[in-house]
Amino acid sequence: MAVVKRYLKWPAALLLAVFVLSGCSREPEVIGFSGMTMGTTYSIRWVDTDEGRIETLRPLVDDLLKQVNQQMSTYIDDSELSRFNALPAGASLEVSPQLAEVVSESLRISRLSDGAFDVTVGPLVNLWGFGPDGRIIKAPSEEKVESLRGEVGYQNISVEGDRLTKSGNQYVDLSAIAKGYGVDEVAALLEQQGIKDYLVEIGGELRASGLKPGEQDWRIAIESPVVGERDVERIVSVSDTGIATSGDYRNYFEENGQRFSHTIDPRTGRPITHKLASVTVLRPKCYEADALATTLTVLGDEAGPKFAEEHGIAAFFIIKQGEGFIERSTPEFDKFLQEVN
């Protein structure tokens, strides 16, 4: 495992920035469009010679993302997932193949991580003010946290074919995987339209395919966590992979000087408190990268890198150290790293 020590200012907002460079060639070139979905933004870029395809593809992409939202959102009262969550203990619901697939993958990663990733963590996410119920400014009581922990347990959810079943009063939350799945679905749509060289992004989760003009890989920049600045920490050169980043740097609340991260550890029922600031994961499918990035964030600065190495996951970690940060990466990730010019 590579360990690189670098001094950075404290603390930081961290995000995934995308370099979309068309190179020296004028034809073909990188074209695309952006929009809103899942409470965030999306961006579609691809290599083409015909800008007219933008207006052809835009409604197809928007309709597809509306469908994914209607299947998997907890913010839409009549979505498939919301209807399942409203069912009583012991009930089941026939759902779309897409929702069944995402829940199945979520359960697989839940089992793989021994519950560090848990799709039933929703009640605790809501309790801490990071779900559809809205923000809070005061941490919940220990009694309330402990009472809701009894409702958390991925083992109580099962998938048989396209039927979801819950054995208790579980509430499934797919916010740590649905954006990645949306990216994969848009990528599939582009390929159906004959587009092979593209970059799809939803809320910072990405999938790259093919090459840019000039036979170059897509270059993705991971931004440094430096206050008040937009500086590049590292650049990865990728093709045919999904990319996802997770961290505790942006979505949080403070009470009496204590910071509470939006990332809830399902095993404790409380926000994470370790030193891992950010993790970026590369996997063939973006929805797997999305879920694994959350998993590694929950596991933290020690268990996270160990888990990634044991399972051959390409992962890059930024870890708090004093008033700066250090970097760690797995061998699978190192081959994608480029020098920052």
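Residue pairs satisfying the salt bridge (Lys or Arg N to Asp or Glu O under 4.0 Å) criterion with at least one member in residues 88-113, sequence neighbours excluded, are listed as follows: E94-R163, E105-R108, R108-E288. Residue pairs meeting the salt bridge (Lys or Arg N to Asp or Glu O under 4.0 Å) criterion with at least one partner in residues 177-189, sequence neighbours excluded, are D184-R207. Pairs passing the salt bridge (Lys or Arg N to Asp or Glu O under 4.0 Å) check and including a residue from residues 62-75, sequence neighbours excluded, do not occur.
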| message | Could you go through Q98 and M72, starting from their C-alpha distance and side-chain angles, then the distance that decides it, and tell me whether this counts as side chain to side chain contact (heavy atoms under 4.5 Å, CB included)? | response | CA-CA 9 Å; Q98 293 85 353; M72 304 180 193; 4.2 Å; yes

| Derivation and outcome, side chain to side chain contact (heavy atoms under 4.5 Å, CB included), residues Q338 and R234 | CA-CA 7 Å; Q338 303 291 307; R234 286 286 179 164; over 6 Å; no

| request: Go through the steps for R83 and V95 under the test side chain to side chain contact (heavy atoms under 4.5 Å, CB included), then give the verdict. | output: CA-CA 10 Å; R83 289 191 285 116; V95 299; over 6 Å; no

| request: Apply side chain to side chain contact (heavy atoms under 4.5 Å, CB included) to V279 and T245, showing your working. | output: CA-CA 6 Å; V279 58; T245 291; over 6 Å; no

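Across all non-hydrogen atoms, the minimal contact from R283 to T241 is O-OG1, 3.2 Å. When all heavy atoms of K166 and L87 are compared, the pair lying nearest together is NZ-O, 3.1 Å. Residue L337 comes nearest to S329 through the heavy atom pair CD1-OG, 4.3 Å, listed as atom of the first residue, atom of the second, then distance. In plain terms, the two heavy atoms of P88 and N169 that are nearest each other are C-OD1, 4.4 Å. Nearest heavy-atom pair, I31 versus D50, reported as atom, atom and distance to 0.1 Å: CD1-O, 3.5 Å. Heavy-atom minimum distance, S239 versus G210: OG-O, 2.7 Å.
With sequence neighbours left out, the ring pair (Phe, Tyr, Trp, His ring centres under 6.0 Å) criterion links F336 to no other residue. Taking the ring pair (Phe, Tyr, Trp, His ring centres under 6.0 Å) definition, one finds that F84 meets it with nothing, sequence neighbours left out. For N156, the side-chain contact (heavy atoms from CB on, under 4.5 Å) test picks out S167, Q170, with sequence neighbours left out. Not counting sequence neighbours, F117 has no partner by the ring pair (Phe, Tyr, Trp, His ring centres under 6.0 Å) test. With sequence neighbours excluded, no residue satisfies side chain to side chain donor-acceptor pair (under 3.5 Å) with D301. Contacts of S104 classified as side-chain contact (heavy atoms from CB on, under 4.5 Å), with partners at least two apart in sequence or in another chain: V159. Under the rule for a side-chain contact (heavy atoms from CB on, under 4.5 Å), the partners of S82 that lie at least two apart in sequence or sit in another chain are S79. The ring pair (Phe, Tyr, Trp, His ring centres under 6.0 Å) check on Y154 picks up nothing, with sequence neighbours excluded.
The distance from the CZ atom of F307 to the CG atom of D114 is 8.0 Å, given to the nearest 0.5 Å. The structure places CD of Q216 at 8.0 Å from CZ of R219, a figure rounded to the nearest 0.5 Å. Taking CG of D77 as the start and CG of N85 as the end, the distance is 11.5 Å to the nearest 0.5 Å. One distance of note links CD1 of I319 with CZ of R328; it measures 5.5 Å at 0.5 Å rounding. E205 contributes atom CD, which lies 8.0 Å from atom OG of S246 (distance to the nearest 0.5 angstrom). To the nearest 0.5 Å, atom CG of residue L174 and atom OH of residue Y181 are 11.0 Å apart.
The backbone N or O of D217 sits nowhere less than 3.5 Å from a side-chain atom of S237 that would complete a donor-acceptor pair. Proximity of a side-chain donor or acceptor of D173 to a complementary backbone N or O of G122 within less than 3.5 Å is not detected. Without hydrogens or angle criteria, Q321 side chain to G324 main chain gives no donor-acceptor distance under 3.5 Å. Checking side-chain atoms of T120 against main-chain N and O of G153 turns up a donor-acceptor pair under 3.5 Å. For E201 (side chain) and G203 (main-chain N/O), a donor-acceptor pair under 3.5 Å exists by modelled atom type. Formation of a donor-acceptor pair under 3.5 Å by the E80 side chain with backbone atoms of S96 is found in this model.
In this structure the side chain of T49 reaches within 4.5 angstrom of the side chain of P28, judged on heavy atoms. I76 is listed as a side-chain neighbour of Q70, based on a closest heavy-atom distance under 4.5 Å. For the pair Y42/M36, no side-chain contact is recorded, criterion being any heavy-atom separation below 4.5 Å from C-beta on. Within the 4.5 Å cutoff, no side-chain heavy atoms of L164 are placed close to those of S92. Proximity of F316 to I222: side-chain heavy atoms (C-beta onward) are separated by under 4.5 Å at one or more points. Inter-residue side-chain proximity for I313 and T330 is flagged as unmet; no heavy-atom pair is nearer than 4.5 Å. A heavy-atom distance below 4.5 Å is found between the side chains of R45 and S34. Using a 4.5 Å cut-off on side-chain heavy atoms (C-beta onward), L206 and V183 make no contact.
Within 6.0 Å of atom CD in E160, 12 or fewer heavy atoms from other residues, nucleotides or ligands are found, so the atom counts as exposed in its surroundings.
Note on I220: it clusters hydrophobically with L282, by side-chain heavy-atom contacts below 4.5 Å among ILVMFWY residues. Side-chain heavy atoms closer than 4.5 Å link hydrophobic residues (I, L, V, M, F, W, Y) into clusters, and following such links, even through other members, never connects V298 to Y287.
For S110 and D118, the side-chain atoms include no donor-acceptor pair closer than 3.5 Å. S113 and T295 share no donor-acceptor pair across their side chains, judged by distance under 3.5 Å alone.
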In a table with atom names and distances, give each donor-acceptor pair under 3.5 Å that connects a side chain of residues 188-200 to protein atoms at least two apart or in another chain.
| residue | atom | partner | partner atom | Å |
| --- | --- | --- | --- | --- |
| E191 | OE2 | Y198 | OH | 2.5 |
| D197 | OD1 | L211 | N | 2.9 |

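Note: F33 and W46 have perpendicular aromatic rings, judged against thresholds of 30 and 60 degrees for the angle between ring planes.
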